[in-house]
*Asks:* 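Structure below; questions to follow.
Since the structure is predicted, the reported quantities are computational estimates derived from the model, not experimental observations.
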Amino acid sequence: IKEIIKFGGMEATANQYMQQMGFTLDDITKAFKGDFVIAFSDFGIKKTEFPGPSGVGSVTQPVGKLVFNATIGDKAAYDKIVAKLAEMGEMEMKNGQYVPKGMGDYISWNMNGKNLVVATDTELMQQYLAAKGNAAVPGDVAIQSKGKSIAFYFDINKILQAIPADSAYFQTSESAKATFKNIIVTSDNFNGKYVGSNFELRTINDKENSLVTLVKFISQAAKQAAEEEKKYSSGGMSDMDMSAMDTTQMVMPPVEEPAK
């Protein structure tokens, strides 16, 4: 990381900014080895109901699970940074470790001296630390990622399966599921001059020319979008406008008949 900052001519600026905070760029680069893992899975759409002043409301929102893991390079440098951030009011001591202030119980934070691990909930954290999770990386992706400075894998098909059938985007998502498989992005190590990278969008039909596949999908998506727009313009309220606008569905109390 430090070499990339140097190459970009930003070392002096970065050091000046860090010194104002009470530490140096060296402290940052020593604190972490530079090995990071970010895993996101179990994407879905969840509808939550809540009481309102005039009845029951509901909100639909995306949900998922995320784990972040950074290998600690120098614990003393890490402790120096978080202690300084605590002095600045950005972090606070909780359960024997510094965590971002105001984090609450929504995020699980664990720094054991070797790794800093952050997860979206305590159960996921415990599964990850115990190596009991089931988010396996496909073998071919693992091979492509070996020896790379950065590796990114995105399972498009699995994410699209979470879109509910009553969504206005369902037809388009079905077309996308029949078209796209996943995305793989890798970057080589910095060679002193540049960082070489590779982006690969893989389709379901790997025997068809990718350009033809993309043109077909774009044509289908445009047609489906036009149909939804036509439905909306003609007064037929679809899920596209209802789900986006109707985040609170109010249930009115029954009207009592006057006494005779």
Side-chain angles (χ1 to χ4, degrees), residues 1-8 10-11 13-44 46 61-137 141-142 145-155 185-190 195:
I1 297 174
K2 187 175 181 179
E3 292 303 317
I4 294 176
I5 293 174
K6 281 184 177 180
F7 181 77
M10 299 295 292
E11 185 179 15
T13 303
N15 264 319
Q16 184 179 6
Y17 176 74
M18 296 296 177
Q19 287 171 1
Q20 290 176 356
M21 299 178 68
F23 42 85
T24 67
L25 182 59
D26 283 336
D27 292 327
I28 299 291
T29 55
K30 283 168 60 181
F32 298 98
K33 283 187 176 180
D35 298 331
F36 299 90
V37 172
I38 300 175
F40 179 78
S41 66
D42 296 353
F43 175 78
K46 182 180 179 181
Q61 59 187 3
V63 295
K65 294 184 177 183
L66 183 142
V67 172
F68 169 82
N69 185 352
T71 305
I72 300 297
D74 187 323
K75 185 176 180 300
Y78 174 86
D79 289 341
K80 177 182 178 181
I81 293 169
V82 294
K84 191 62 181 178
L85 290 173
E87 289 181 16
M88 299 168 61
E90 299 296 330
M91 300 189 80
E92 62 183 347
M93 183 64 72
K94 186 176 182 180
N95 298 325
Q97 61 180 343
Y98 283 113
V99 302
K101 192 172 183 179
M103 184 179 70
D105 298 322
Y106 298 103
I107 300 295
S108 183
W109 185 283
N110 182 279
M111 207 295 281
N112 59 11
K114 295 181 179 179
N115 297 84
L116 169 62
V117 181
V118 183
T120 46
D121 59 77
T122 303
E123 182 182 358
L124 178 62
M125 172 71 79
Q126 293 173 346
Q127 290 178 345
Y128 180 79
L129 295 177
K132 293 183 178 180
N134 57 2
V137 176
V141 177
S145 304
K146 188 175 181 179
K148 303 295 183 180
S149 61
I150 296 175
F152 171 85
Y153 171 70
F154 183 73
D155 191 335
V185 181
T186 59
S187 288
D188 297 326
N189 293 301
F190 182 60
V195 175

*Asks:* Counting neighbours of CD on E123 that are heavy atoms of other residues, nucleotides or ligands and sit closer than 6.0 Å, is the number greater than 12?
*Replies:*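 Not buried by this count: 12 neighbours or fewer within 6.0 Å.
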*Asks:* Can you name the closest pair of heavy atoms from M111 and K75 and give their distance?
*Replies:*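 Residues M111 and K75, closest heavy atoms: CE-CE, 4.1 Å.
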*Asks:* Rounded to the nearest 0.5 Å, what's the gap from CH2 on W109 to CE on M103? Could you check?
*Replies:*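 Taking CH2 in W109 and CE in M103, the distance rounds to 7.0 Å.
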*Asks:* Minimum heavy-atom separation for K101 and G89, please, with both atom names.
*Replies:*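 Where K101 meets G89 most closely, the heavy atoms are CD-O, 3.2 Å.
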*Asks:* Where do M93 and Q97 come nearest, in terms of heavy atoms and distance?
*Replies:*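 For M93 versus Q97, the nearest heavy atoms are SD-N, 3.2 Å.
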*Asks:* With rounding to the nearest 0.5 Å, note down the distance linking NZ in K84 to CE in M88.
*Replies:*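 So the NZ of K84 and the CE of M88 are separated by 7.5 Å.
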*Asks:* Between I81 and D27, what is the shortest heavy-atom contact and its length?
*Replies:*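 Nearest pair, atom of I81 first, then D27: CD1-O, 3.6 Å.
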*Asks:* Can you give me the closest heavy-atom contact between A83 and Y98, atom names plus distance?
*Replies:*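 Residues A83 and Y98, closest heavy atoms: CA-CE1, 4.1 Å.
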*Asks:* Please enumerate all residues that pass side-chain hydrogen bond (donor to acceptor under 3.5 Å, both in side chains) together with S187, with sequence neighbours excluded.
*Replies:*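 Partners of S187 by the side-chain hydrogen bond (donor to acceptor under 3.5 Å, both in side chains) criterion, ordered by chain and then number, come out as S197.
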*Asks:* Nearest 0.5 Å, please: how far is CG in N115 from CZ in F68?
*Replies:*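 Those atoms lie 10.5 Å apart.
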*Asks:* Out of V67, V117, T120, which residue meets the side-chain contact (heavy atoms from CB on, under 4.5 Å) rule with M125?
*Replies:*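 Among the candidates, only V117 passes.
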*Asks:* Run the numbers on V99 and E92 for side chain to side chain contact (heavy atoms under 4.5 Å, CB included), then give the verdict.
*Replies:* CA-CA 6 Å; V99 302; E92 62 183 347; 4.2 Å; yes
*Asks:* D121 and S108: side chain to side chain contact (heavy atoms under 4.5 Å, CB included), yes or no, with the steps?
*Replies:* CA-CA 5 Å; D121 59 77; S108 183; 6.0 Å; no
*Asks:* For I72 and K33, run side chain to side chain contact (heavy atoms under 4.5 Å, CB included): C-alpha distance rounded to whole Å, both residues' side-chain angles, the deciding distance at 0.1 Å, then the answer.
*Replies:* CA-CA 6 Å; I72 300 297; K33 283 187 176 180; over 6 Å; no
*Asks:* Can you tell me how far the CG atom of L66 sits from the OG atom of S41, to the nearest 0.5 Å?
*Replies:*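 The OG atom of S41 is 8.5 Å from CG of L66, to the nearest 0.5 Å.
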*Asks:* Atom CD1 in I28, atom CG in D74: separation rounded to 0.5 Å?
*Replies:*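 Rounded to the nearest 0.5 Å, the CD1-CG separation comes out at 12.0 Å.
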*Asks:* Please work out which of the three classes, parallel, tilted or perpendicular, describes the rings of F36 and F32, given edges at 30° and 60°.
*Replies:*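 Tilted: the ring planes of F32 and F36 meet at 30° to 60°.
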